[in-house]
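Written below as C-alpha cells is the structure these notes are about.
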Amino acid sequence: MLMSASAYRELQANPYRPWPARITSIMDLTEHEKLFELRIIDNEVREAFKFDSGQFVELSIFGVGEAPISISSAPSKQGFIELCVRNAGDVTGALHRKQCGDVVGLRGPFGRGFPFSEMKGHDVLLVAGGLGIAPLKSLINHIHDDRHDFGKVTILYGARNPDEVLFRYQFDMWKHRDDFDLKLTVDEADDTWTDGVGRVTGLFEELDIDPSVTYGAICGPPVMYRYVIDEMREKKMDVDKIYVSFERRMKCGIGKCGHCGVGHQYACVDGPVFNYWEAMNLQEAI
Amino acid sequence: MFFRVMDKERVPELVSGLSESFELFGPVAKGEKFVLDRIEDPAELRLDFDTTLLPPKKLFFPPEDQMMRFRVADNEVLDDEVFAAPRMIFGLHPCDINALMLMDNVFTGDYEDPYYTARRASTMIVGVSCVPTESCFCNAWGTDEVHWGFDVFLTDIGDRYFVSVHSVKGAELLDQHVVTREITDEDTAAFQERTRAFKSSFTEELDTAQLPLLLDAKFDDKLWDELGERCLSCGACSMVCPTCYCFDVKDRLAADGKTGVRVRTWDSCQFSEFAEVAHGDNFRASRASRVKYRYYHKQWGYLSKFERVLCVGCGRCAKACLAGISPREVVKALEKGGEC
Ligand SMILES: Cc1cc2nc3c(=O)[nH]c(=O)nc-3n(C[C@H](O)[C@H](O)[C@H](O)COP(=O)(O)OP(=O)(O)OC[C@H]3O[C@@H](n4cnc5c(N)ncnc54)[C@H](O)[C@@H]3O)c2cc1C
Ligand code: FES
C-alpha cells in the first residue's frame with residue numbers, strides 16, 4: 001500500500017501534520033549539499049511509508065517552516081529515506097545546522113513519481129543537471145536493485161564544476177561497471193577532472209540508443225529541459241516515453257494552496273513527474 | 001425536497017429562536033454596504049442586502065487560520081484540533097452557496113483539509129433569494145440557481161417566503177421555532193413567476209462559448225499584455241473572491257521562542273513572489289502572466305478537475321479592482337477579440 005492519499009484517509013490523519021522523524025546519518029556531499037538519512041519515529045507510520053522514485057516529502061522544521069524535498073533513496077530500501085539537500089534558504093539552512101539524532105518533521109510522500117513498472121523491460125536514458133540528480137538518484141538505485149528487469153541503462157549527469165558533482169563517491173565506482181553507462185560532464189573542469197567538459201547536451205553526440213525501446217527521464221534546472229528534450233527528439237524518442245520532473249513553489253504538497261500551478265495542473269499532485277506529451281500541453285511548463 | 005410557506009413577518013421570531021442554539025451570522029449593514037457578521041439582535045439582519053463585502057469563505061477558511069501549535073525543542077505538534085462551535089449563516093445568496101460547494105471540492109477529495117471540513121460540518125446554511133444587481137453575472141455560469149448546499153432556502157414571493165427544506169436538521173428547526181404552512185397551488189405559481197422575472201432581470205447574457213479552449217488558443221493574445229499594464233498586483237480580487245482558496249503557510253514563534261503556531265493566510269497568485277522558487281527563478285514574473293493565470297486557472301485549471309468553472313459571477317472582484325478590470329469584460333474581449 002502506498003502511503004499516499006488513501007492511507008491518509010484511512011488513518012484519518014491530518015495531512016498538514018508532520019510525522020516526527022529522526023536524523024540517523026548526515027553526510028557532507030559538497031560545500032552546499034548534504035545527504036540526510038531520516039527515520040520516522042512511529043513504527044506503524046514508518047512501515048506504512050511506501051513511496052515511488054520521483055515523489056517528494058514536505059520537510060518540516062517548526063519555527064522555520066516547510067520545504068518540498070525529493071526522496072533520493074530507492075523505494076527498494078525501506079525503513080528510512082535519504083534527502084539530498086542544498087542549503088538554499090530558511091528551512092534547508094536550518095536542516096543543515098541539525099545534528100545526527102535531532103528530530104525534524106516529514107509529511108508525505110506526495111505527488112506522482114516515475115512510472116517504474118511501465119519502464120521495466122525497457123532501456124532507460126536518465127539525464128540530470130545539478131541538484132536534479134536528487135530525485136533521479138532514487139530511480140537509478142531502484143533500477144540497480146532490479147537490474148535484470150531493465151535493458152540498457154544510460155545516465156548523463158552534468159554539474160557546474162567537479163566540486164559540485166553530487167554522489168561522486170558512488171559514481172566514481174560505477175564508471176567501471178559495464179551494466180551502467182555513466183557519463184559525467186562539468187561546465188568548468190579542474191586538474192582532477194578526467195570526464196567530459198561542457199553541457200550535458202554535449203553527451204548526446206556519442207550516444208547510441210534504440211528509441212523504440214527507450215524511456216527517458218529528465219530533472220534539472222528550468223533552462224535545461226528544452227535543450228535535453230530537443231536532443232531526445234533528435235534521437236527519435238517518443239514524446240510519451242520521456243518523463244520530466246518539475247520544481248515549482250509548494251506550500252502544501254496536497255493540491256490545496258495553489259502555489260505549484262503549472263498550466264492547468266498542480267505540480268504537487270498531478271506531478272512533479274509528467275510525461276513530455278502532458279508537459280507539452282501545460283502552458284508555461286517548459 | 002419539500003416545501004413550506006412562511007410569512008415574512010415571522011423572520012425575527014425564527015432568528016431569535018435560532019440564536020439560542022447557534023452562533024448566528026448573517027448580512028448586516030455597514031455604512032452604505034453590507035458585511036457578513038455575528039447577529040446579536042434579529043433586527044440587525046438585512047435580508048434585503050445586495051452582496052456582502054467579503055464572501056462566506058472567511059467563516060470556513062479565515063484570512064489567518066491556526067493550523068497547529070508546536071514545540072521547537074523536539075519538533076512536536078502540541079495540538080492541531082479545530083474548535084468548531086455550532087453555527088448558522090442566515091441569508092446567503094445562491095452565488096455564495098454555489099461558491100462554498102466549489103471550495104468543498106478543493107478542501108475534500110484525496111486529502112481532506114480538517115480545518116475547513118470541521119467548520120463546514122458544524123455550520124448550517126439558510127439561503128435567501130436575491131435580485132440581480134448591475135455587477136452580477138451568475139447567469140453566465142448557472143450559479144444563479146442553487147439546488148443543494150443549504151439546509152433551508154427562502155425564496156421571496158411577496159409577503160411570504162417559499163421555503164425549500166433540504167436537511168432533516170433544517171426541518172426540525174423550522175418546526176421548533178416558527179409557524180409555517182403547507183404550500184398551495186397559488187404559492188407554487190408565485191414561486192415560478194418570481195423565478196421567471198428573476199431570470200429576465202439580468203442586464204446581459206454573457207457569451208462563454210468554448211471559453212476554456214479559447215484560453216489556450218489565445219494564450220499569447222495581446223489582451224493579456226494590456227491587462228498586465230493595468231493590473232496593480234494588489235491581490236484584492238483574490239481576497240474578495242468567494243472561490244479563491246490559495247494560501248501561504250508561516251510559523252510564528254511565541255516570545256520565549258520555545259513554542260509557536262503554524263498559521264495559514266490568504267494568498268494571491270497576483271503577488272509577484274507567488275510562483276518564485278529558489279535561485280531567483282520565477283515562473284510568473286510578469287504581471288501579464290499573473291493576470292492571465294487567474295483566468296486560466298478559474299476557467300480551465302479547476303474545470304479540468306471538477307467540470308465547473310471556479311467563478312460564480314458575484315461581481316465582487318470587479319468592484320474591488322482599483323484598475324477597473326472586470327471578468328465580464330475579460331470574457332467578452334476573449335470571445336469577441338479587441339480590448340476590454
Ligand atoms: C518537488 C520538489 C522537489 C525538490 N527537491 C529538492 C531536493 O531534493 N533537494 C533540495 O535541496 N531542494 C529541493 N527542492 C527545492 C527546495 O524545496 C527549495 O529550494 C526551497 O525553497 C527550500 O526552502 P528554504 O526554506 O530553505 O528556502 P527559502 O528560504 O524558503 O527560500 C529560498 C528561495 O526559494 C523560494 N521559495 C520559497 N518557498 C519555496 C517553496 N516552497 N518551493 C520552492 N521555492 C521556494 C523563495 O522565493 C526564495 O527565493 C525541491 C522542490 C520541489 C518543488
Ligand atoms: S503545493 Fe499546494 S497546491 Fe501544490
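Per chain, numbering begins at 1; letters A, B, ... match sequence-line order.
In this structure, B:Phe283 and A:Pro222 approach most closely via the heavy-atom pair CZ-CG, 4.1 Å. B:Met68 and A:Pro18 get closest at one heavy-atom pair: SD-CD, 3.9 Å.
For the options A:Ala88, A:Gly65, A:Ala67, A:Ala21, heavy-atom pairs under 4.5 Å to chain B are most numerous at A:Gly65. If you tally non-hydrogen atom pairs under 4.5 Å between each of A:Glu284, A:His264, A:Arg86 and chain B, the highest count goes to A:His264. For the set A:Asn281, A:Thr92, A:Val103, the entry with the most heavy-atom pairs within less than 4.5 Å of chain B is A:Val103.
Within the 4.5 angstrom heavy-atom criterion, atoms from both the backbone and the side chain of B:Asp113 approach chain A. For chain B, no part of A:Asp102 is nearby; none of its heavy atoms comes within less than 4.5 Å. For chain B, the nearby part of A:Cys252 is the side chain; its heavy atoms alone come within less than 4.5 Å. With a 4.5 angstrom heavy-atom cutoff, B:Asp216 touches chain A via backbone and side-chain atoms both. Contacts of B:Tyr293 with chain A are made by side-chain atoms alone, with heavy-atom separations under 4.5 Å and no backbone atom involved. With a threshold of 4.5 angstrom between heavy atoms, B:Lys250 does not approach chain A through any atom at all. Of the atoms belonging to B:Tyr115, it is side-chain heavy atoms, and not backbone ones, that fall under 4.5 Å from chain A. At a 4.5 Å heavy-atom cutoff, A:Val223 makes no contact with chain B through either its backbone or its side chain.
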Kindly indicate, with the supporting measurements, whether the criterion side chain to side chain contact (heavy atoms under 4.5 Å, CB included) is fulfilled by B:Met67 and A:Asn14. CA-CA 10 Å; B:Met67 303 173 83; A:Asn14 176 353; over 6 Å; no
Decide yes or no on side chain to side chain contact (heavy atoms under 4.5 Å, CB included) for A:Gln283 and B:Lys292, but give the supporting numbers first. CA-CA 11 Å; A:Gln283 297 283 5; B:Lys292 178 162 60 181; over 6 Å; no
Intermediate values then yes/no, side chain to side chain contact (heavy atoms under 4.5 Å, CB included), B:Tyr245 and A:Lys256: CA-CA 7 Å; B:Tyr245 53 79; A:Lys256 316 284 190 215; 5.6 Å; no
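Between B:Glu76 and A:Pro20 there is a side-chain heavy-atom pair separated by less than 4.5 Å. At least one side-chain heavy atom of B:Arg262 sits under 4.5 Å from a side-chain heavy atom of A:Ser60. At a threshold of 4.5 Å between non-hydrogen side-chain atoms, the residues B:Asp251 and A:Glu66 do not count as touching.
Checking A:His259 against B:Asp248 by side-chain atom types alone, no donor-acceptor pair falls below 3.5 Å.
Aromatic ring centroids of A:Tyr266 and B:His297 lie under 6.0 Å apart. Aromatic pair A:Phe110/B:Tyr111: ring centres closer than 6.0 Å.
Formation of a donor-acceptor pair under 3.5 Å by the A:Lys251 side chain with backbone atoms of B:Arg264 is not found in this model. A:Arg249 places a side-chain N or O within 3.5 Å of a backbone atom of B:Glu273 that can act as its donor or acceptor partner. In terms of modelled atom types and a separation under 3.5 Å, the side chain of B:Asn75 and the main chain of A:Phe62 share a donor-acceptor contact.
A cation-pi arrangement, defined by a distance under 6.0 Å to the six-membered ring centre and an angle within 45 degrees of its axis, is absent between A:Arg17 and B:Phe70.
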